[in-house]
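Heads up: numbering here begins at 1 and tracks the sequence. Values below: all heavy atoms of this structure, side chains included; hydrogens, waters and symmetry mates excluded. All ligand and atom numbering here is 1-based and tracks the order in the structure.
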Amino acid sequence: MNSLPIGIFDSGVGGLTVMRELRRLLPAEHLIYLGDTARVPYGNKSHATVSRYAQEDVQFLVGRGVKIIVIACNTASAIAAPGLREHFPGVPILGMIGPGSRAAMAATRNGRIGVIATAATIGSGAYETRIRETFAAVGRAPEEIISQACPLFVPLVEEGETDTAITRLVAEKYLAGLRGAGIDALVLGCTHYPLLKSVIASVMGPSVTLVDSAEAAAAETAALLAGRGLLRPASAGRGGERFYVTDAAARFHGIAENFLGHPVDYLELAELGSPVEADGAGQVSG
Ligand code: DGL
């Protein structure tokens with residue numbers, strides 16, 4: 001069981017921010033990444049469609065015998081995580097919303113929290129609900145949660161416009177309301193947004209802590225595996241990596257090597273939608 005891979009999926013390349021963190025924290029783990037590049041983006045699609053895509057993503061990873069699944073996509077986490085856990089009760093499925101919300105509570109001093117994400121994630125209200133639940137669990141309540149959809153951020157990142165004048169203009173427009181609201185923590189509630197950290201930080205200013213949901217999810221995955229005695233031992237050597245995409249493999253290959261900073265040797269086209277029986281080892285929330 002310990003030597004089975006960790007399965008990670010996203011609508012495309014954004015989940016590589018989670019993968020990079022997992023690799024940094026857990027060098028001995030085998031990692032399997034699925035990017036649904038044929039159907040990206042998920043963030044402007046209906047709940048029914050995102051749920052169906054996410055089910056097929058999980059089914060594919062379950063078929064590869066993973067020991068845990070990390071939904072490295074905030075949109076899929078916000079919309080589909082509860083349904084996925086119901087549908088695949090045998091495999092632990094960790095989403096981004098729980099870790100991001102807990103990290104937000106840890107980061108804020110004044111209880112005023114901003115959340116930026118795709119239109120679907122913001123529309124779902126998942127972060128707002130989970131942040132309130134996280135505070136309530138310790139007998140507190142946030143002062144205010146201000147949410148803002150930033151639909152142009154994903155295409156800007158996809159086009160490599162991570163630190164350019166056009167991205168700064170877009171960021172100034174999206175973040176204007178948050179800037180005047182006295183928040184001291186801002187959740188980057190989309191896996192693409194850590195790539196825009198420097199622009200977002202410079203627009204928001206030094207008094208606002210950026211909460212990286214990718215870092216938070218990777219740290220909770222590591223803690224969960226350690227807690228269940230499921231870590232692959234360091235003595236087993238460096239873990240392998242396999243990547244699957246549903247389209248445009250060459251483009252993904254270039255972006256992934258550039259972003260991860262090491263060769264991507266195993267990359268295959270995946271066919272989603274073939275029925276596979278669920279199998280695994282128990283549930284967690286996230
Ligand atoms: N990965 C998605 C997320 O974290 C952003 C890209 C998309 O819209 O599919 O919400």
Side-chain angles (χ1 to χ4, degrees), residues 7-22 33-58 61 69-81 84 93-101 103-104 114-128 130 147-162 167 170 174 186-197 200 210-218 220-221 243-248 251-252 255-256 259 272 286:
I8 304 154
F9 78 89
D10 177 42
S11 52
V13 298
L16 292 171
T17 56
V18 182
M19 169 116 180
R20 186 169 70 175
E21 274 304 301
L22 280 169
Y33 184 95
L34 169 64
D36 191 8
T37 45
R39 305 190 290 196
V40 69
Y42 286 6
N44 57 11
K45 298 203 166 64
S46 69
H47 284 207
T49 297
V50 173
S51 295
R52 178 162 58 84
Y53 289 174
Q55 293 240 352
E56 292 175 5
D57 296 333
V58 170
L61 290 171
I69 289 174
V70 182
I71 312 175
C73 173
N74 284 268
T75 303
S77 302
I79 289 168
L84 291 173
I93 297 177
L94 195 120
M96 307 290 294
I97 311 299
S101 299
V115 179
I116 53 173
T118 63
T121 299
I122 296 300
S124 75
Y127 263 110
E128 188 152 346
R130 188 61 72 86
S147 300
Q148 174 67 50
C150 304
L152 288 172
F153 276 177
V154 167
L156 284 168
V157 170
E158 294 278 337
E159 291 305 321
E161 301 274 346
T162 49
T167 301
V170 172
Y174 283 148
L186 177 63
V187 180
L188 307 182
C190 170
T191 47
H192 282 64
Y193 297 180
L195 295 162
L196 301 176
K197 252 184 197 168
I200 295 170
L210 301 187
V211 177
D212 186 334
S213 58
E215 277 174 13
E220 289 203 14
T221 305
F243 295 84
Y244 295 89
V245 291
T246 50
D247 195 12
R251 182 167 189 271
F252 179 91
I255 293 173
F259 180 71
L272 303 184

For this session: Consider every N or O of G43 and every N or O of ligand 1, then say whether any pair is closer than 3.5 Å.
Result: yes
For this session: Kindly compute the distance separating CD1 (I93) from CD1 (I69), expressed to the nearest 0.5 Å.
Result: 5.0 Å
Problem set entry | T17 side chain to T191 backbone, donor-acceptor under 3.5 Å | yes
Exercise. Which atoms from ligand 1 have a heavy atom of H192 less than 4.0 Å away?
Worked result: 5 (C), 6 (C)
Exercise. What is the closest protein heavy atom to atom 10 (O) of ligand 1, and at what distance does it sit?
Worked result: T75 OG1, 2.6 Å
For this session: For ligand 1, indicate whether the residue M96 contacts it via side chain, backbone, both or neither (heavy-atom separation under 4.0 Å).
Result: neither
Seminar exercise, completed: Y53 meets the ring pair (Phe, Tyr, Trp, His ring centres under 6.0 Å) criterion, sequence neighbours left out, with Y42
For this session: Just need the protein heavy atom nearest to atom 2 (C) of ligand 1, so name the residue and atom and give the distance.
Result: C73 SG, 3.5 Å
Problem set entry | Protein residue, atom and distance nearest to atom 1 (N) of ligand 1, heavy-atom basis | D10 OD1, 2.7 Å
Problem set entry | Smallest separation among heavy atoms of L94 and P99, with atom names | CD2-CG, 4.2 Å
For this session: Pull out every atom of ligand 1 sitting under 4.0 Å from any heavy atom of Y42, numbered as shown with elements.
Result: 7 (C), 8 (O), 9 (O)
Exercise. What do you reckon, does C190 put a non-hydrogen atom under 4.0 Å from ligand 1?
Worked result: yes
Problem set entry | Region of N74 that comes within reach of ligand 1 [heavy atoms, distance under 4.0 Å] | both
For this session: Kindly confirm or rule out an N or O of T121 lying under 3.5 angstrom from an N or O of ligand 1.
Result: no
For this session: Name the orientation class of the two ring planes belonging to F252 and F243 (parallel below 30°, tilted from 30 to 60°, perpendicular beyond 60°).
Result: tilted
Seminar exercise, completed: V157 and H192 have their tightest heavy-atom pair at CG1-CD2, 3.6 Å
